[in-house]
Amino acid sequence: MVPRFAARPPRLSRALPLLPELCILRDPPGIRLTMKAWRIPSFGIDNLERATLADPEPRAGEVLVKVHAVSLNYRDLMVVLGIYNPKMHLPRIPASDGAGMVVAVGEGVTRVQPGDNVCGTFMQNWIDGRPSPEKVRGALGGDIDGMLATHVVLDAQGVVKIPGYLSFDEAATLPCAALTAWNALVHAARLTAGETVLIQGTGGVSIYALQFAKAMGARVLGTSGSDEKLARAHALGLDAGVNYRSTPQWAKWVVEQTDGQGADVVVEVGGAGTFAQSLSAVRMGGTVTQIGVLSQSAEPLPIPTILHKQVHVQGIYVGSRAQFEEMNRALEQNRIAPVIDKVFAFQELPEALRRMQAGKHFGKIVVRGA
Ligand SMILES: NC(=O)c1ccc[n+]([C@@H]2O[C@H](COP(=O)([O-])OP(=O)(O)OC[C@H]3O[C@@H](n4cnc5c(N)ncnc54)[C@H](OP(=O)(O)O)[C@@H]3O)[C@@H](O)[C@H]2O)c1
C-alpha cells in the first residue's frame, strides 16, 4: 500500500516565514493569513510559540477540519520537551488528538462531508489490519503537524466520525488514550468478563482502561501515587487500589488480591521502572500489555520470569482506524463518559503541559480550539 501523508501542514506555510502572532500582516494577494497555531520552534515548554499561518485548503482526497478541542497525551509533553524524538523536524505543530467539524472537502471525498464532527486518527495511514512500517508512519503531532491549530487538513481516510453523545471536548480524548486502552484490553488481552485487570496510575490511558474493563465485566485493581486519586478511581468503579509510593512492592498486594494467582491482564504504562513488578503481578499465562515509558530502572529486565510464567508480553502502539470505529460503537452502546481533568483555553497550552508534567491530573487534559 502506498503510504498517505496528506495530513501535511498548510502548504503555503512551508514557503512562508513564521509570523509571530500580533505582528501586523499584509496578506499576499490570494493568500489569507488568519490561521492560529502552536508550534515548537525549539524544544521546551517555554519555547512554544503561537504563529499565524496561511489558511489551509483541502486538495483532492483531503478534508479541512475546524478544530474545536485538543487533548494532551504524555507523548505530546515528551514531543515538546524533545524526549520523544530529539531529531524531530522543527518547527512542528504538536498534539495528536483533536476533534472538530469538517468545513470543506477536496475533490473526490465521499467518506465525510461538511458539517460532520470528526476526530483525526493518530496514525493517518493505519486504516485496518496488521501494523506495518508504512502504516505507523504519518503520526499526527510527531511525523507530521498535529492538531493544535484553528484548522487542519487531514487525509479523508484519516478521520473518524465522533459518537453523537460526546462533546468536542470529550471526543478529543479518544484518538490516542482511549484507543490504546481499547486495543490493549480487547485485541491484545482478549479480556473476558470476570477476569482481573491491573491499571497503573490515573492518567488518560489508565482511566479509559478502567472504564472499558468495567464495561466488559472485569474486576479492576489499580495503583496510584495519590490516595485521593485512588478514591476518585473507586468512584469510577475501581475495585481495589494501592499507593505505589507507600507500597513500592505492590505486586505482592496484587497477588494477595487475586487469591495468590495474579492479575489476568496488566495495562503497563510505567515502563522500565514498573515492568518487573508487572511481571510479578500478572498470573501465569497472563498478559502484560506494554504501553508506556513513564519511569526508568537500573535493574536488568527479569527475562526468566517471562518464560517461567509463560507471560504474553504484547507491545501496543495506539491502534488502527477500524479499531477506533469499533471502539466508538462500544462507547455509543455503553454511553461511557470521558473523564476530563481540566479544560484550558488555547492560549494556556504551556500551563496545560505543566499540569501534566507535574502529574496533577486525573484522566484527560483538554485544550480548547482557538
Ligand atoms: N504505546 C502507545 O500507543 C501509547 C499510547 C498512549 C500512551 N502511551 C504511554 O503511556 C504512558 C501513559 O500515557 P498517558 O497519556 O496516559 O499519561 P498521563 O495521562 O500523563 O498519565 C500518567 C500517570 O501515570 C501515573 N504514573 C506516573 N509515574 C508512574 C509510575 N512510575 N508508576 C505508575 N504510575 C505512574 C501517574 O498517575 P498517579 O498520579 O495516579 O500516580 C500519572 O498521572 C506514557 O508513557 C505514554 O507515553 C503509549
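We use all heavy atoms of the structure for the numbers below, so side chains are in, but hydrogens, waters and symmetry mates are not. FYI, the numbering just counts along the sequence from 1.
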Asp259 side chain to Gln261 backbone, donor-acceptor under 3.5 Å: no
For Met147 against Leu140, the heavy-atom pair lying closest together: SD-CD1, 4.0 Å
Worked check of side chain to side chain contact (heavy atoms under 4.5 Å, CB included) between Tyr165 and Arg335: CA-CA 8 Å; Tyr165 77 101; Arg335 287 290 196 271; 3.5 Å; yes
Any side-chain heavy-atom pair of Thr34 and Thr52 under 4.5 Å: no
Any pair counted as side chain to side chain donor-acceptor pair (under 3.5 Å), so long as it reaches residues 293-322, sequence neighbours left out: Gln157-Arg321
Val205-Leu179 co-clustered via ILVMFWY side chain contacts under 4.5 Å: yes
Considering all heavy atoms, the nearest Glu62-Val109 contact: O-CG2, 3.4 Å
Donor-acceptor contact present, side-chain Asp341 to main-chain Phe362, <3.5 Å: yes
Salt bridge (charged side-chain N to carboxylate O under 4.0 Å, His left out) partners of residues 232-242, not counting sequence neighbours, each pair once: Lys214-Asp239
Heavy-atom side-chain contact between Phe122 and Val136 under 4.5 Å: no
Heavy atoms from other residues, nucleotides or ligands near CZ of Arg368 exceed 12 (cutoff 6.0 Å): no
Intermediate values then yes/no, salt bridge (Lys or Arg N to Asp or Glu O under 4.0 Å), Glu256 and Lys252: CA-CA 6 Å; Glu256 286 165 5; Lys252 191 165 171 284; 3.3 Å; yes
Leu236 with Met216, same ILVMFWY side-chain cluster at under 4.5 Å: yes
Residues that Trp126 engages under side-chain hydrogen bond (donor to acceptor under 3.5 Å, both in side chains), provided they are two or more places apart: none
Test log, rule side chain to side chain contact (heavy atoms under 4.5 Å, CB included), inputs Lys36 and Leu53: CA-CA 6 Å; Lys36 303 277 188 289; Leu53 305 170; over 6 Å; no
Shortest non-hydrogen contact between Val367 and Ala345, atoms and distance: CG1-O, 3.8 Å
Check: Val311 and Thr287 side chains under 4.5 Å, non-hydrogen atoms: no
Any donor-acceptor N/O pair, Asn334 side chain to Ile336 backbone, under 3.5 Å: no
His361: ring-ring contact (aromatic ring centres under 6.0 Å, His included) partners, not counting sequence neighbours: none
Arg354/Asp46 salt bridge by N-O under 4.0 Å criterion: yes
Asn73 backbone acceptor or donor facing Asp76 side chain under 3.5 Å: yes
Smallest separation among heavy atoms of Pro163 and Leu174, with atom names: CD-CD1, 4.0 Å
Main-chain N/O of Ile93 paired to Asp145 side chain as donor or acceptor, under 3.5 Å: yes
Ser96 side-chain N/O to Pro175 backbone N/O, donor-acceptor pair under 3.5 Å: no
Joint cluster assignment, Leu198 & Val220, ILVMFWY side-chain distance < 4.5 Å: no
Residue list, side-chain contact (heavy atoms from CB on, under 4.5 Å) with Ala251, at least two apart or on another chain: Gln277, Ser280, Ala281
Steps toward side chain to side chain contact (heavy atoms under 4.5 Å, CB included) verdict (Val67, Val152): CA-CA 7 Å; Val67 181; Val152 294; 4.0 Å; yes
For residues 181-190, dump all side-chain donor-acceptor pairs below 3.5 Å to protein atoms at least two apart in sequence or in another chain.
from, atom 1, to, atom 2, distance (Å)
Trp182, NE1, Glu326, OE1, 2.6
Asn183, ND2, Val318, O, 2.7
His187, NE2, Glu326, OE1, 2.7

Distance-only donor-acceptor check, side chains Thr173 and Tyr208, under 3.5 Å: yes
Heavy-atom side-chain contact between Ile340 and Asp169 under 4.5 Å: yes
Option passing side-chain contact (heavy atoms from CB on, under 4.5 Å) with Phe344 (candidates Ile365, Leu349, Val70): Ile365
Pair Arg111-Glu325, salt bridge (Lys or Arg N to Asp or Glu O under 4.0 Å): steps then yes or no: CA-CA 13 Å; Arg111 280 194 74 237; Glu325 289 167 334; 3.2 Å; yes
Shared hydrophobic cluster, Val160 / Val366 (ILVMFWY, side-chain heavy atoms < 4.5 Å): no
Check: Asn328 side chain, Ile162 main-chain N or O, donor-acceptor pair, under 3.5 Å: no
Contact check, side chains of Met101 and Val118, non-hydrogen atoms, under 4.5 Å: no
Minimum heavy-atom distance between Pro114 and Val105, given as atom pair plus value: CD-CG1, 4.0 Å
Partner set under side-chain contact (heavy atoms from CB on, under 4.5 Å) for Ser226, not counting sequence neighbours: Ser224, Glu228, Lys229
Nearest-0.5 Å distance, CH2 of residue Trp250 to CG of residue Leu221: 11.0 Å
Non-hydrogen side-chain atoms of Ser278 and Gln200 separated by less than 4.5 Å: yes
Ring pair (Phe, Tyr, Trp, His ring centres under 6.0 Å) contacts touching residues 76-112 (sequence neighbours left out): none
Summary of salt bridge (charged side-chain N to carboxylate O under 4.0 Å, His left out) pairs that have at least one residue in residues 357-366, sequence neighbours excluded: none
Residue list, side-chain contact (heavy atoms from CB on, under 4.5 Å) with Asp264, at least two apart or on another chain: Glu195, Thr196, Arg283
Derivation of the side chain to side chain contact (heavy atoms under 4.5 Å, CB included) call for Phe346 and Trp38: CA-CA 9 Å; Phe346 189 74; Trp38 276 104; 3.4 Å; yes
Leu148 reachable from Phe168 in the ILVMFWY side-chain graph, under 4.5 Å edges: no
Backbone of Tyr244 reached by a side-chain donor or acceptor of Thr247 within 3.5 Å: no
Expected output: side-chain Gln124 to main-chain Thr121 donor-acceptor under 3.5 Å: yes
Asn47 side chain vs Phe43 backbone, donor-acceptor pair below 3.5 Å: yes
Closest non-hydrogen atom pair, Ala172 against Ala99: N-CB, 3.7 Å
Summary of salt bridge (charged side-chain N to carboxylate O under 4.0 Å, His left out) pairs that have at least one residue in residues 112-132, sequence neighbours excluded: Asp116-Lys161
Phe275: partners by side-chain contact (heavy atoms from CB on, under 4.5 Å), with sequence neighbours left out: Glu268, Leu279, Val288, Gln290, Leu301, Ile306, Val313
